[in-house]
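Sharing a structure, written as structure tokens. Questions coming.
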Amino acid sequence: MNFDIEKIRADFPILNQKIYGKDYIYFDNGATTQKPIQVINAVSEFYSSINSNIHRGVHLLSEKSTKAYEDVRAKVQKFINAEHEHEIIFTKGTTDSINLIAFSFGEKYVNKGDEIIVSAMEHHSNLVPWQMLCQRKNAKLKIIHFDKNGELETDKINDLITDRTKLLAVTHISNALGTINPVKKIVQLAHNKNVPVLIDGAQAIQHTIVDVQEIDCDFYVFSGHKIYAETGIGVLYGKEKFLNEIPPYQGGGDMVDHVTLEKSTYLDLPFKFEAGTSNYVGAVSLGIAIDYINEIGLNKIAEYETELLNYATQKMQAIEGLTIFGNAKNKASVISFLLKNIHHYDAGMIIDKMGIAVRTGSHCAQPVMTYFDITGTIRASFAFYNTKEEIDRFIEAILKVKQMFD
Ligand code: PMP
């Protein structure tokens, strides 16, 4: 396909080095993505020539800083097709965005005996905050389960929803299994019964076109570092109606209008949810990362990553004693697997010594591991800068691990 991989790889300095004397292969993109030189340079240039705290000064650089930050808000709005710019709230990341909603939405709408629905394949980030909310409010957490292929039992959703259900939270793409969930259909099912939906887009935003109006979700959250930007910046998209109704999550500077010693009034959206100095440099990096991706095209990226996924899956399925966890029909470029009788840490460490970075463990999704009765997996997750040649070397590494343990 028409994809200039050499040019792309040249943009990512970290990929062009040797680890243990070998060309570095980075297959841990589910955990975090690498940064193109355009992002790295933009951050450095921002600190060298513009840096100033936002929203606070009349001096020129503060105005420039503020404009750079607010321009990214508009860019994110366009990127995910939100209706309004003020529906984009900058946070620290996915976890922060979910905690914000679990707290604020929970304060406003969740009472004793109410119910929240999540799926059994959630990252701990989209599970623990809801458990905490349910504990705080004496509410009940209900679960959408998945089958052995890693597909959500969406046909059970209707029966799970009752008139006490206050919110449904589900991941767009599972970081542990790679499943792409039918989020539009899930939103429709929930909306038929007037239940709002939060979607965890941490693994989706970098792999697929996200249109929040088309999905019609009420909240959509993601992290900058998963989409080639810096760490410490994230996004909460929320429908205006909900963001207006729910209370602020944190108090402090930048989110208040009038303050007396007794009480304060708050700013309107989006500032009401952005207390304290925001990570405006992180936001700038997110803007550059979005430009970078838009230039290549998310459609092309998704197509190429699917090619990598299919290529690797086919080769791995041919290896005796290798089990893949997560065989959904609709999958992102994530392969979780185990080798018979070999602990995932042992395999991961040997693969590392061959200059290949994969992730081992439970991937912050312990209930998924419990379902399969395992303690963890080895996970290879591909990005658009990875290649089939790298996958070939990875297959050789897996065979070597097998050979060592045989
Ligand atoms: N949800 C999913 C599906 C994830 O993959 C991750 C990161 N691994 C998170 C949530 C949490 O993201 P962050 O640590 O950036 O807040």
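In this chain, residues are counted from 1 in sequence order. Read the numbers this way: they start at 1 and go in the same order the structure lists the ligands and their atoms. All values derive from a computational prediction rather than experimental measurement.
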Query raised in the report: So His55 and Tyr69, would you call those rings parallel, tilted or perpendicular, with 30° and 60° as cut-offs?
Result: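 His55 and Tyr69: perpendicular rings.
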
Please tabulate, for side-chain N and O atoms in residues 328-337, each donor-acceptor pair with protein atoms closer than 3.5 Å (sequence neighbours left out).
{"residue": "Lys331", "atom": "NZ", "partner": "Gly326", "partner atom": "O", "Å": "2.9"}
{"residue": "Lys331", "atom": "NZ", "partner": "Val334", "partner atom": "O", "Å": "3.1"}
{"residue": "Ser333", "atom": "OG", "partner": "Phe382", "partner atom": "O", "Å": "2.9"}
{"residue": "Ser336", "atom": "OG", "partner": "Ala176", "partner atom": "O", "Å": "2.7"}
{"residue": "Ser336", "atom": "OG", "partner": "Thr377", "partner atom": "OG1", "Å": "2.9"}

Report task. Could you check if a side-chain atom of Ile301 sits within less than 4.5 angstrom of a side-chain atom of His207, using non-hydrogen atoms only? Result ->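 Answer no - side chains too far apart.
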
Report task. Determine the interplanar angle of the Tyr304 and Phe3 rings, folded into 0 to 90°, and report it as parallel if under 30°, tilted if 30 to 60°, perpendicular if over 60°. Result -> parallel

Can I get a per-line list of side-chain donor-acceptor pairs under 3.5 Å for residues 129-137, giving both atom names and the distance, sequence neighbours left out?
{"residue": "Trp130", "atom": "NE1", "partner": "Asn126", "partner atom": "OD1", "Å": "2.8"}
{"residue": "Lys137", "atom": "NZ", "partner": "Val110", "partner atom": "O", "Å": "3.4"}

Output block, N or O contacts of ligand 1, threshold 3.5 Å exclusive:
{"residue": "ligand 1", "atom": "1 (N)", "partner": "Asp200", "partner atom": "OD1", "Å": "3.3"}
{"residue": "ligand 1", "atom": "1 (N)", "partner": "Asp200", "partner atom": "OD2", "Å": "2.5"}
{"residue": "ligand 1", "atom": "5 (O)", "partner": "Gln203", "partner atom": "NE2", "Å": "2.6"}
{"residue": "ligand 1", "atom": "8 (N)", "partner": "His123", "partner atom": "NE2", "Å": "3.3"}
{"residue": "ligand 1", "atom": "8 (N)", "partner": "Lys226", "partner atom": "NZ", "Å": "2.6"}
{"residue": "ligand 1", "atom": "15 (O)", "partner": "Ser223", "partner atom": "OG", "Å": "2.7"}
{"residue": "ligand 1", "atom": "15 (O)", "partner": "His225", "partner atom": "NE2", "Å": "2.7"}
{"residue": "ligand 1", "atom": "16 (O)", "partner": "Thr95", "partner atom": "N", "Å": "2.9"}
{"residue": "ligand 1", "atom": "16 (O)", "partner": "Thr95", "partner atom": "OG1", "Å": "2.5"}

Name the atoms and distances for all side-chain donor-acceptor pairs under 3.5 Å in residues 391-406, with sequence neighbours left out.
{"residue": "Asp392", "atom": "OD1", "partner": "Tyr311", "partner atom": "OH", "Å": "2.6"}
{"residue": "Asp392", "atom": "OD1", "partner": "Lys315", "partner atom": "NZ", "Å": "3.4"}
{"residue": "Asp392", "atom": "OD2", "partner": "Tyr311", "partner atom": "OH", "Å": "3.3"}
{"residue": "Arg393", "atom": "NH1", "partner": "Asp23", "partner atom": "O", "Å": "2.8"}
{"residue": "Arg393", "atom": "NH2", "partner": "Asp23", "partner atom": "O", "Å": "3.1"}
{"residue": "Arg393", "atom": "NH2", "partner": "Met354", "partner atom": "O", "Å": "2.9"}
{"residue": "Lys402", "atom": "NZ", "partner": "Glu320", "partner atom": "O", "Å": "2.7"}

